[in-house]
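Here's the structure, in C-alpha coordinates; my notes come after.
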Amino acid sequence: AQTVTQSQPEMSVQEAETVTLSCTYDTSESDYYLFWYKQPPSRQMILVIRQEAYKQQNATENRFSVNFQKAAKSFSLKISDSQLGDAAMYFCAYHPGGFKTIFGAGTRLFVKA
Amino acid sequence: DGGITQSPKYLFRKEGQNVTLSCEQNLNHDAMYWYRQDPGQGLRLIYYSQIVNDFQKGDIAEGYSVSREKKESFPLTVTSAQKNPTAFYLCASSMGTSGGLYGGYNEQFFGPGTRLTVL
(Lines give C-alpha, C1' and ligand atoms only; values in the text may rest on other atoms or scores of the structure.)
Protein backbone atom coordinates (compact mmCIF):
# COMPACT_ATOMS: atom_id res chain seq x y z
CA ALA A 1 0.00 0.00 0.00
CA GLN A 2 1.14 3.51 -0.71
CA THR A 3 1.61 5.50 2.47
CA VAL A 4 3.06 8.84 3.55
CA THR A 5 4.54 9.27 7.03
CA GLN A 6 5.34 12.50 8.78
CA SER A 7 6.97 11.51 12.05
CA GLN A 8 7.02 14.98 13.61
CA PRO A 9 3.54 16.09 14.78
CA GLU A 10 4.96 19.45 15.88
CA MET A 11 8.11 21.45 15.25
CA SER A 12 9.33 24.77 16.53
CA VAL A 13 11.83 27.22 15.05
CA GLN A 14 13.19 30.61 16.01
CA GLU A 15 12.51 33.42 13.59
CA ALA A 16 15.30 33.77 10.97
CA GLU A 17 16.59 30.26 11.63
CA THR A 18 16.31 27.11 9.53
CA VAL A 19 14.04 24.15 10.12
CA THR A 20 13.67 20.81 8.36
CA LEU A 21 10.42 18.83 8.24
CA SER A 22 10.66 15.12 7.55
CA CYS A 23 8.59 12.92 5.27
CA THR A 24 8.92 9.33 4.16
CA TYR A 25 6.72 7.45 1.76
CA ASP A 26 6.22 3.96 0.54
CA THR A 27 5.59 3.03 -3.08
CA SER A 28 6.60 0.51 -5.69
CA GLU A 29 6.14 3.04 -8.49
CA SER A 30 9.12 4.65 -10.20
CA ASP A 31 7.35 7.71 -11.60
CA TYR A 32 5.42 10.02 -9.32
CA TYR A 33 5.25 13.50 -7.85
CA LEU A 34 5.82 14.66 -4.30
CA PHE A 35 4.49 17.86 -2.77
CA TRP A 36 4.62 19.95 0.34
CA TYR A 37 1.43 21.88 1.12
CA LYS A 38 1.05 24.62 3.68
CA GLN A 39 -2.20 25.09 5.61
CA PRO A 40 -2.14 28.34 7.63
CA PRO A 41 -4.74 29.17 10.29
CA SER A 42 -7.10 30.28 7.51
CA ARG A 43 -7.06 26.58 6.49
CA GLN A 44 -6.52 27.40 2.83
CA MET A 45 -4.24 24.72 1.36
CA ILE A 46 -1.33 26.22 -0.55
CA LEU A 47 1.16 24.31 -2.67
CA VAL A 48 4.64 25.17 -1.43
CA ILE A 49 6.89 23.03 -3.60
CA ARG A 50 6.74 20.13 -6.04
CA GLN A 51 9.26 17.45 -6.96
CA GLU A 52 9.09 15.11 -9.95
CA ALA A 53 10.56 11.73 -9.08
CA TYR A 54 12.44 11.42 -12.36
CA LYS A 55 14.38 14.61 -11.62
CA GLN A 56 17.52 14.16 -9.54
CA GLN A 57 17.85 17.86 -8.82
CA ASN A 58 16.15 18.99 -5.63
CA ALA A 59 13.38 21.52 -6.10
CA THR A 60 13.77 25.01 -4.68
CA GLU A 61 11.26 27.85 -4.27
CA ASN A 62 12.80 30.90 -2.65
CA ARG A 63 13.32 30.05 1.05
CA PHE A 64 11.87 26.56 0.62
CA SER A 65 13.90 23.62 -0.63
CA VAL A 66 13.62 19.86 -0.51
CA ASN A 67 16.02 17.00 0.03
CA PHE A 68 14.70 14.23 -2.19
CA GLN A 69 16.27 10.82 -1.62
CA LYS A 70 14.48 8.47 -4.03
CA ALA A 71 16.18 5.27 -2.95
CA ALA A 72 15.46 6.01 0.69
CA LYS A 73 11.94 7.23 -0.16
CA SER A 74 12.55 10.38 1.80
CA PHE A 75 11.34 13.89 0.99
CA SER A 76 12.20 16.52 3.59
CA LEU A 77 11.36 20.23 3.45
CA LYS A 78 13.86 22.86 4.55
CA ILE A 79 12.64 26.34 5.39
CA SER A 80 15.43 28.91 5.58
CA ASP A 81 15.24 32.29 7.28
CA SER A 82 11.97 31.32 8.95
CA GLN A 83 9.32 34.02 9.20
CA LEU A 84 6.30 34.38 11.45
CA GLY A 85 4.10 33.83 8.41
CA ASP A 86 5.57 30.36 7.97
CA ALA A 87 3.67 29.14 11.03
CA ALA A 88 1.19 26.59 9.72
CA MET A 89 0.43 22.91 9.24
CA TYR A 90 2.60 21.37 6.57
CA PHE A 91 1.47 18.31 4.67
CA CYS A 92 3.67 16.04 2.60
CA ALA A 93 1.81 14.38 -0.28
CA TYR A 94 2.50 11.66 -2.82
CA HIS A 95 0.88 11.69 -6.27
CA PRO A 96 1.36 8.74 -8.63
CA GLY A 97 -0.70 10.36 -11.36
CA GLY A 98 -4.37 10.17 -12.24
CA PHE A 99 -6.71 11.34 -9.51
CA LYS A 100 -5.01 9.96 -6.41
CA THR A 101 -2.99 12.04 -3.95
CA ILE A 102 -2.01 10.55 -0.58
CA PHE A 103 -1.38 12.99 2.25
CA GLY A 104 0.63 12.59 5.40
CA ALA A 105 -0.86 13.45 8.79
CA GLY A 106 0.87 16.81 8.87
CA THR A 107 3.46 18.67 10.94
CA ARG A 108 2.45 21.78 12.85
CA LEU A 109 5.22 24.38 12.67
CA PHE A 110 5.51 27.07 15.32
CA VAL A 111 7.71 30.10 14.69
CA LYS A 112 9.02 31.97 17.73
CA ALA A 113 9.69 35.69 17.54
CA ASP B 1 -10.47 36.73 -9.78
CA GLY B 2 -10.42 33.04 -10.57
CA GLY B 3 -10.72 30.61 -7.74
CA ILE B 4 -12.75 28.12 -5.77
CA THR B 5 -15.46 29.08 -3.33
CA GLN B 6 -17.06 26.90 -0.69
CA SER B 7 -20.12 27.66 1.31
CA PRO B 8 -21.03 27.86 4.03
CA LYS B 9 -17.85 28.33 6.04
CA TYR B 10 -19.46 26.76 9.10
CA LEU B 11 -22.36 24.32 9.08
CA PHE B 12 -24.22 22.71 11.91
CA ARG B 13 -26.32 19.62 11.45
CA LYS B 14 -28.66 17.73 13.69
CA GLU B 15 -28.34 13.99 13.75
CA GLY B 16 -30.45 12.35 11.06
CA GLN B 17 -30.36 15.31 8.72
CA ASN B 18 -28.82 15.49 5.29
CA VAL B 19 -26.78 18.58 4.49
CA THR B 20 -25.24 19.83 1.26
CA LEU B 21 -21.91 21.60 0.99
CA SER B 22 -21.39 23.88 -1.98
CA CYS B 23 -18.27 24.06 -4.14
CA GLU B 24 -17.98 26.37 -7.13
CA GLN B 25 -14.97 27.11 -9.35
CA ASN B 26 -14.45 29.60 -12.15
CA LEU B 27 -11.09 28.26 -13.26
CA ASN B 28 -12.60 26.31 -16.15
CA HIS B 29 -11.22 23.12 -14.62
CA ASP B 30 -12.53 19.75 -15.70
CA ALA B 31 -11.65 17.80 -12.57
CA MET B 32 -13.02 18.42 -9.10
CA TYR B 33 -12.46 16.67 -5.77
CA TRP B 34 -13.86 16.46 -2.25
CA TYR B 35 -11.59 15.73 0.70
CA ARG B 36 -12.26 15.23 4.38
CA GLN B 37 -9.77 16.44 7.00
CA ASP B 38 -9.75 15.17 10.58
CA PRO B 39 -7.35 16.18 13.37
CA GLY B 40 -4.14 14.18 13.26
CA GLN B 41 -4.90 12.84 9.81
CA GLY B 42 -4.14 14.01 6.34
CA LEU B 43 -6.72 14.69 3.71
CA ARG B 44 -8.77 11.72 2.56
CA LEU B 45 -10.53 11.60 -0.77
CA ILE B 46 -14.31 11.27 -0.69
CA TYR B 47 -15.30 11.66 -4.34
CA TYR B 48 -13.81 13.01 -7.52
CA SER B 49 -15.14 13.98 -10.92
CA GLN B 50 -13.15 14.16 -14.13
CA ILE B 51 -15.90 15.58 -16.27
CA VAL B 52 -19.49 16.78 -16.15
CA ASN B 53 -22.05 14.06 -15.36
CA ASP B 54 -19.37 11.67 -14.22
CA PHE B 55 -17.93 11.04 -10.77
CA GLN B 56 -16.11 8.27 -8.93
CA LYS B 57 -15.87 7.15 -5.32
CA GLY B 58 -12.73 7.85 -3.40
CA ASP B 59 -11.42 6.11 -0.31
CA ILE B 60 -14.20 7.12 2.11
CA ALA B 61 -17.36 7.59 0.02
CA GLU B 62 -19.78 5.79 2.33
CA GLY B 63 -22.43 8.15 3.68
CA TYR B 64 -21.72 10.82 1.06
CA SER B 65 -23.16 11.63 -2.34
CA VAL B 66 -22.24 14.11 -5.09
CA SER B 67 -23.49 15.44 -8.39
CA ARG B 68 -21.75 17.15 -11.29
CA GLU B 69 -24.41 18.73 -13.46
CA LYS B 70 -22.32 21.75 -14.36
CA LYS B 71 -18.61 22.11 -14.93
CA GLU B 72 -18.37 24.84 -12.32
CA SER B 73 -20.20 23.09 -9.51
CA PHE B 74 -19.58 19.93 -7.47
CA PRO B 75 -21.86 19.84 -4.39
CA LEU B 76 -21.35 17.27 -1.66
CA THR B 77 -24.24 15.89 0.36
CA VAL B 78 -23.49 14.42 3.75
CA THR B 79 -26.28 11.97 4.43
CA SER B 80 -27.64 10.61 7.68
CA ALA B 81 -25.83 7.37 6.84
CA GLN B 82 -22.50 9.04 7.58
CA LYS B 83 -21.96 8.07 11.22
CA ASN B 84 -19.22 10.52 12.09
CA PRO B 85 -19.63 13.55 9.83
CA THR B 86 -18.02 16.18 12.06
CA ALA B 87 -14.93 17.26 10.11
CA PHE B 88 -13.40 19.90 7.89
CA TYR B 89 -14.29 19.46 4.21
CA LEU B 90 -12.11 20.72 1.39
CA CYS B 91 -13.00 20.99 -2.28
CA ALA B 92 -10.34 21.14 -4.98
CA SER B 93 -10.13 21.37 -8.73
CA SER B 94 -7.55 20.81 -11.45
CA MET B 95 -7.42 21.16 -15.22
CA GLY B 96 -7.59 17.40 -15.49
CA THR B 97 -6.25 14.37 -13.74
CA SER B 98 -2.52 13.91 -14.12
CA GLY B 99 -1.15 11.69 -16.82
CA GLY B 100 1.88 10.71 -14.85
CA LEU B 101 5.36 11.10 -16.29
CA TYR B 102 4.22 11.41 -19.90
CA GLY B 103 0.97 13.19 -19.27
CA GLY B 104 2.25 15.94 -17.08
CA TYR B 105 0.90 17.08 -13.80
CA ASN B 106 -2.22 19.11 -13.16
CA GLU B 107 -1.99 21.10 -9.94
CA GLN B 108 -4.92 20.91 -7.56
CA PHE B 109 -6.26 24.22 -6.29
CA PHE B 110 -8.15 24.17 -3.01
CA GLY B 111 -11.13 26.07 -1.69
CA PRO B 112 -11.23 27.63 1.81
CA GLY B 113 -13.16 24.70 3.29
CA THR B 114 -16.35 24.09 5.26
CA ARG B 115 -16.38 23.09 8.90
CA LEU B 116 -19.28 20.71 9.56
CA THR B 117 -20.38 20.02 13.11
CA VAL B 118 -23.06 17.55 14.14
CA LEU B 119 -25.03 18.69 17.18
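Quick note on labels: first sequence line is chain A, next is B, and so on, each numbered from 1. These values consider heavy atoms only, across backbone and side chains, with no hydrogens, waters or symmetry-generated copies.
- Taken together through direct or relayed side-chain contacts under 4.5 Å among Ile, Leu, Val, Met, Phe, Trp and Tyr, Tyr90(A) and Val13(A) form part of one hydrophobic cluster.
- Surrounding NZ of Lys73(A) are more than 12 heavy atoms belonging to other residues, nucleotides or ligands, all under 6.0 Å away.
- To the nearest 0.5 angstrom, Tyr37(A) atom OH is 5.5 Å from Gln108(B) atom CD.
- Sparse packing is recorded around CD1 of Ile51(B), with 12 or fewer heavy atoms of other residues, nucleotides or ligands lying under 6.0 Å away.
- Grouping the Ile, Leu, Val, Met, Phe, Trp and Tyr side chains by contacts below 4.5 angstrom, directly or via other members, places Leu34(A) with Val4(A).
- Among the residues in residues 36-47 of chain B, those with a non-hydrogen atom closer than 4.5 angstrom to a non-hydrogen atom of chain A are Gln37(B), Gly40(B), Gln41(B), Gly42(B), Leu43(B), Leu45(B).
- Enclosure of atom CD in Glu15(A) by more than 12 non-hydrogen atoms of other residues, nucleotides or ligands within 6.0 angstrom is indicated.
- Heavy atoms of Glu29(A) lying under 4.5 Å from chain B are absent altogether.
- Within residues 58-68 of chain A, no residue has any heavy atom under 4.5 Å from a heavy atom of chain B.
- Applying a 4.5 Å heavy-atom cutoff, the residues of residues 103-113 of chain A that approach chain B are Phe103(A), Gly104(A), Ala105(A).
- Placement of Val66(B) and Met32(B) within a single hydrophobic cluster is found when ILVMFWY residues are connected by side-chain heavy-atom separations under 4.5 Å, directly or transitively.
- For a heavy-atom cut-off of 4.5 Å, chain A lies close to Phe110(B), Gly111(B), Pro112(B) in residues 109-119 of chain B.
- No path of Ile, Leu, Val, Met, Phe, Trp and Tyr side chains, each step under 4.5 Å between heavy atoms, connects Tyr33(B) with Val52(B), placing them in separate hydrophobic clusters.
- Ranked by non-hydrogen atom pairs under 4.5 Å with chain B, the options Gln39(A), Met45(A), Arg43(A) are led by Arg43(A).
- Counting heavy atoms from C-beta outward, Ile4(B) and Gln44(A) have side chains that stay 4.5 Å or more apart.
- Leu47(A) and Tyr94(A) fall into different hydrophobic clusters, where Ile, Leu, Val, Met, Phe, Trp and Tyr residues are linked whenever their side-chain heavy atoms come under 4.5 Å apart, directly or through other members.
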